[in-house]
Trainee: 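Sending over a structure as C-alpha cells; questions will come in a sec.
Source: prediction; values computed, not measured. Chain A is the first sequence line, chain B the second, and so forth, proteins listed ahead of strands; every chain is numbered from 1.
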Amino acid sequence: MALLHTVNKSPFEKNALESCIRLALKGSSILLMEDGVYGAVKGTAKSSLVAGAKGKIAVYVLGPDLDARGVSKDKLIDGVKVVDYGGFVDLVAQHSATQAWL
Amino acid sequence: MALLHTVNKSPFEKNALESCIRLALKGSSILLMEDGVYGAVKGTAKSSLVAGAKGKIAVYVLGPDLDARGVSKDKLIDGVKVVDYGGFVDLVAQHSATQAWL
Amino acid sequence: MKFGILVNEGPYTHQASDSAYQFTKAALAKGHTIDRVFFYHDGVNNGTRFTTPPTDDRNLVNLWGGLAKEHNIDMVVCVAAAQRRGICDADEAKRHGKDGNNLADGFRISGLGQLIELGIQADRLVVFGD
Amino acid sequence: MKFGILVNEGPYTHQASDSAYQFTKAALAKGHTIDRVFFYHDGVNNGTRFTTPPTDDRNLVNLWGGLAKEHNIDMVVCVAAAQRRGICDADEAKRHGKDGNNLADGFRISGLGQLIELGIQADRLVVFGD
Amino acid sequence: MSDEGGTIKKFMYVNRKAPYGTIYALESLEVVLIGAAFDQDVSLAFVDDGVYQLVKGQNTKGVGMKNFSPTYNALGDYDVNKIYVEKESLDARGLTVDDLLPLKYEDEDDDWAEKDSICVISSAELAKLFDQQDVVFSF
Amino acid sequence: MSDEGGTIKKFMYVNRKAPYGTIYALESLEVVLIGAAFDQDVSLAFVDDGVYQLVKGQNTKGVGMKNFSPTYNALGDYDVNKIYVEKESLDARGLTVDDLLPLKYEDEDDDWAEKDSICVISSAELAKLFDQQDVVFSF
C-alpha cells in the first residue's frame, strides 16, 4: 500500500508539485488536478519535474481539468495517464491514504 | 515618477517576487509585506532575488509584518529599508501608482 | 468503501468545492458511501442559503444540499470556522445575539470533533482546498 | 491626497483585510482622505454582520464599520461578488426571494462601476489581496 | 457614462492567474467589461499563469463550471483592444500566439480593418508599459 | 472521548504554510488541539513555509492580529509530542532548530523526564513517515 498524492496548483505559480515530488516515496502515485494539470504538459520550463519523477512515481492527470483548460492530451508528458472523476475515486480506494499538497 | 510594487507572498511558496523583479523598471520600488517579508532575509535560498535587484530597485519591508513573524531586523539583506504603515502610506503617495503582485 | 470528504474553500472562489462535489458524485456512482462531508476554513461558505449565483452558472450550495438529501449524507459546517465567517443557524444566531441566520438546507453546524471522528471512521479521507 | 482602497479577500482567512485596515488608518492619521473602500471577490465577506470572531481576537467587520462611521468613508460591497457569496442587504434579499439579509452597518452594496469611478477619482488606488 | 469632466486615465488590468482553479480570472474580466463603458485608456496584460486564460479550446463540461473564455472575444466590441501578452511567460509554458484565442477588433481609424488585439511583447517592453499607468488593477 | 472501540489510527497533520499571511496555520492548530482528545497516534510535520510557524519571537502587536505561537508550547501537555521538521526546508530558509520554539514534553515512560518534541529529519525520512500514515490532514 502506498500514498496517493494530489497536486492542484500550477508548478509555475506555487511550489506544491516540487515539494510533493521531493517527499513522495518511490512506488507512490501523484494525481494532477485543477491548476495542477499544467505540470503534466511536455515542452515547458517545469516539465522536468514530472518527467524526472516518472521512474519512481506513477503520474495521473484529471481529464476534465485538462479539457476545461484547453490542454490537449497529445501535449502530455509520455507515460502520464488520464483519468476521470471515477478514476480519481478508484485511485483513492487503491492507495492506503491520500495526501493533498495544497 | 515611478511605480511602487507590493509583494505579499513568500518567495519560497509563490512566484510573485520573481515576476515582480522581472517586470519592475529600473528606478521603481518594491515593498515586501505580509508573507512577502521572507524575501528580505539574507542567507536563504531566495536571498539572491532581492540582493540582485538592489542596484536597480529600492526595496522596503513592512516592520510590523517582520515582527509578527519573528524576523529580526539584523537578518535583513543590506540596504533593505524598514517602514511602518505610515511609511507605506508615504511610499504610495511618493510613487505615481501602485502595482500589487498578488 | 466509506469515504470522508474535507472541503477547505468556499464555492466559486476556488475550484475545491467543485472538485469535491464531482468526486463525491463519482464515488456514490461507484457504490461507495460518503460518511460525511466536513466544511472547514472558508469551506463553511458553501453552507449559506443567501447565495444567488448568476442564472447561467451552477448553484453549488443547492448542488451540495441536493446531494445530501438524495443520498442522506451528513454535511457538517465547522462551528468555529463558521463564527469567524458569518455562517450561523438559528441556535447559533440566538447564542450570539444575531438578528437572523443563513445556514442552508442539508447542512448542520457542529464541532471539529466531527472531523476527527470522520478521520477515524472513514476508510479514506480526501481533502480539497487551496 | 485622495486614496482608493480595494480589498479582495475576506477577513481572517487572508491578511489582506488587516493590512488594508492598518493602511487606511495610517493614511487617515497622515491627513489623507479615503475616497472609498471597495470590497471585491471574497472581500465582500468583510461586510456580514453575522460574524462572531473569538472574544480574544479582533473583530474586523466592526473595525471597518467603526472606521467608516468615524471618518465618513464610503464602503462598497460589489453586488455581483456578493450574490455569489451570500452577502445581501434588505433590497437584494427581497429581489432574490431571500428570507433575511446580513449586510453589516457602515457598508452598502453597489456595482463594479463604483470601483472604476474610484480608480478615476482617487489620486492613488491600493490593492490588497491574496 | 464618464461624468468625470474629461479625465482620461491609463488603466492597466494585470492578469497573472490561471482560469478555473480560482475565480480571479473570471471576476477580473467582469471588471474590464464594466470598465469599458467609462472611456478610459484601457490595457490588459497577461503574465505568468494569466496567459492560460487566453488558451483556445477550453471545454468545461466535465468540471461542471461555466466556460467564460468566449467572453474574451467580445472585448474588441467594447473597444478593449490593447491586450499585451508577455513572451517570456508564453515561452516558459511551451505556448505560442497560435495557441491563444484569435482576438480581433475593427479599427475605426483605418477603414474599419479587422486587426489583432493581442500583442506579444517582452518583459522589458512590458515593464515600460506598466510604468506609464495611472491605475494598475490586480486581482 | 474515543468511543471507536479501540481503533487507533496514525494521523499526520502536514503544515506547509506561513503564519499570519493566511489563517491555515492557526486553524490547523485548532484541529490538532481538538484531535488530541481522541487518543489517536498523532504526528505533526512542518515542511516548506510551514517551518515559519515555529519560529520564536513572534510579536503581532503591530499588525493587530492574535499571536497564536504560544499555543504550540501547549502541545506537549496534550500528548502531542511527535513534531517533525524537514531539514531541507529549514536550510533553504537559513534557519536552524535554535530559531524555533523549544517545544518540550514530559516523557511518562522515562521518569517524566522533559524531552524535546521537535525532531529535525531529512526529506527521505519524512517521505517514509508520510507513507505509514492512515490519515493525512492538510489545510
Trainee: Hey, is NZ on C:K25 packed in by over 12 heavy atoms from elsewhere, all under 6.0 Å?
Mentor: no

Trainee: Any non-hydrogen side-chain atom of C:R124 less than 4.5 Å from a side-chain atom of F:V135?
Mentor: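 No, too far: nothing below the 4.5 Å cut-off.
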
Trainee: How about CG on C:D105, more than 12 heavy atoms from neighbouring residues, nucleotides or ligands closer than 6.0 Å, or not?
Mentor: no

Trainee: How about C:K94: does its NZ atom have over 12 heavy atoms from other parts shown lying under 6.0 Å from it?
Mentor: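 Not buried by this count: 12 neighbours or fewer within 6.0 Å.
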
Trainee: By a 4.5 Å heavy-atom criterion (distance strictly below it), what part of C:D130 contacts chain F: side chain, backbone, both, or neither?
Mentor: both

Trainee: Taking atom CG of F:D110 as the centre, report whether more than 12 heavy atoms of other residues, nucleotides or ligands fall under 6.0 Å from it.
Mentor: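 Yes, because the 6.0 Å sphere around CG of F:D110 holds more than 12 heavy atoms from other groups.
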
Trainee: Taking the side chain as everything from C-beta on, heavy atoms only, tell me whether F:L26 gets closer than 4.5 Å to C:R84.
Mentor: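 Yes, close enough: below the 4.5 Å cut-off.
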
Trainee: For F:S28 versus C:H41, what's the shortest heavy-atom pair and its separation?
Mentor: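 In terms of heavy atoms, the two residues are closest at N-CE1, 4.5 Å.
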
Trainee: Specify the closest pair of heavy atoms between F:F38 and C:I116, including all atoms of both residues, with the distance to one decimal.
Mentor: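 Heavy atoms only, the tightest pair is CG-CG2, 3.4 Å.
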
Trainee: Is it the side chain or the backbone of C:L112 that comes within 4.5 Å of chain F heavy atoms, both, or neither?
Mentor: both

Trainee: Specify the closest pair of heavy atoms between C:I120 and F:K9, including all atoms of both residues, with the distance to one decimal.
Mentor: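 Between these two residues, the closest heavy atoms are O-NZ, 3.0 Å.
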
Trainee: With a 4.5 angstrom heavy-atom cut-off, which part of F:Y24 approaches chain C: side chain, backbone, both or neither?
Mentor: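 Contact with chain C involves both backbone and side-chain atoms of F:Y24.
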
Trainee: Using a 3.5 Å distance criterion without hydrogens, assess whether the side chain of C:Y40 forms a donor-acceptor pair with backbone atoms of F:E27.
Mentor: yes

Trainee: Tell me, yes or no, whether the heavy-atom count around F:K87 atom NZ, taken from other residues, nucleotides or ligands under 6.0 Å, exceeds 12.
Mentor: no

Trainee: To the nearest 0.5 Å, how far apart are OG in F:S138 and CG in C:L6?
Mentor: 8.0 Å

Trainee: Name the region of C:A122, side chain, backbone, both or neither, that has any atom closer than 4.5 Å to a heavy atom of chain F.
Mentor: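 Contact with chain F involves the backbone of C:A122 alone.
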
Trainee: Taking side chain as C-beta onward, heavy atoms only, is F:F137 less than 4.5 Å from C:L115?
Mentor: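 A side-chain contact exists here, since the closest heavy-atom pair is under 4.5 Å.
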
